[in-house]
Amino acid sequence: MSGFSVLLKKEWRENSRNFKVLWIPIAFIIFGILEPVTNHFLPEIMKSVGNMPEGADFQWPEFKGEDIFSSLLGQYQFIGILIIVLAFMGSISGERKNGTATLLYVRPLSYGHYFLSKWLVTNGVVLGSVWLGILAAWYYIEILFNHVDAWEVFAFIATYSIWIVFVVTVVLALSAWLPTGGAAGLAIFATLIFQIIDSLIGTYWTVSPWKVAIYATYWFQPNADMSDLWMSIIITVLFIIVLIIFGSSMAKRNASKTTV
Amino acid sequence: MSELATIPWNLIMPLLVLQLILMIVALVDVIRHQRTNGPFIMWIFIIVLGNLIGPIVYFIFGRRQA
């Protein structure tokens, strides 16, 4: 067990040395603040720079705080996921390439521990960032819009976190399997592109990990059907477990590919 | 100048401060290490001019891992 805590410490040190513990939370907080602020001032922004014709009277839709959470989710689903994929695409394949892995693999090391230490620290950094971002957005929504029930927000955050853990697991497992470029490409496909595919032809099935993020916003609707959500969460957790096992075995299989 | 006074600075301020922190950390990192993909002068311009995206792009693509 002492080996595992050493690996955890190594991961933490690496993530603070390359400033990931700093810039990823700040990026998520900025996007979290930007969304309510721009939505609140949209009519004024359009009036001053939108080049509206004289006397035009455009009815702005009345946004409620719950709608802002949904639009923030749309923002995180694209830019946020892109940041996660690009920031962590090389976390295992990059170590193989730059030789850090050589120093690790010559020691008696459990590849399960190796993968799990990366998984835990990466999830800690990413989930912390997403939580801080949503909390910052919540603060601004309370100021600029209406009061949103705390219970609904926490249910939303908890459900969305499962999707984030899924994304992190996909990125790390692919990074263990492929070189950095391939891992990034396939991870972007599996998280961003597949989301679009799932929303286009996914009307035929209601249970899938790619729908968890959309189901998270159902907490804000008073009487939405939650049965699909629970099934999707179970499927997502199963996916995560399978991907962790896949990732650990791939880290072991690719150990010989490390540069010495 | 009257338009400047109507901007709700107390709402915008946290955004500016966070962006500034991001920019300063990126700049200090570039100048201290100077190990970047491509000329580091170019990265300084990207960080300073590309207000929010600049530092993020630098941290993702510009930093060369030791």
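In what follows, chains are A, B, ... by sequence order, proteins preceding strands, each numbered from 1.
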Spacing of [atom1] belonging to [X] relative to [atom2] belonging to [Y], to within rounding of 0.5 Å:
X       : Y       : atom1 : atom2 : answer
B:Ile21 : A:Ile26 : CD1   : CD1   : 5.0 Å
B:Leu15 : A:Ile33 : CG    : CD1   : 4.5 Å
A:Trp23 : B:Asp29 : CH2   : CG    : 12.5 Å

For a quick test of reading the model, state the closest non-hydrogen atom pair linking A:Arg17 to B:Arg63 and the distance between them. O-NH2, 3.6 Å
Closest non-hydrogen contact found for A:Tyr140 with B:Leu11 is OH-O, 2.9 Å
Would you say that B:Val25 contacts A:Phe19 through its side chain, given a criterion of any heavy-atom pair below 4.5 Å between the two side chains? yes
Within a strict 4.5 Å, meaning less than it, do heavy atoms of the B:Phe59 and A:Asn18 side chains meet? no
Can you tell which part of A:Phe31 gets under 4.5 Å to a heavy atom of chain B, answering side chain, backbone, both or neither? side chain
Honestly, the part of A:Ile24 sitting under 4.5 Å from a heavy atom of chain B is neither
Does a sphere of radius 6.0 Å around CH2 in A:Trp177 hold more than 12 heavy atoms from other residues, nucleotides or ligands, not counting ones at 6.0 Å or beyond? no
Are more than 12 heavy atoms from other residues, nucleotides or ligands located less than 6.0 Å from atom NZ of A:Lys10? yes
Which residue pairs pass the salt bridge (Lys or Arg N to Asp or Glu O under 4.0 Å) test with at least one member in residues 119-139 of chain A, sequence neighbours excluded? none
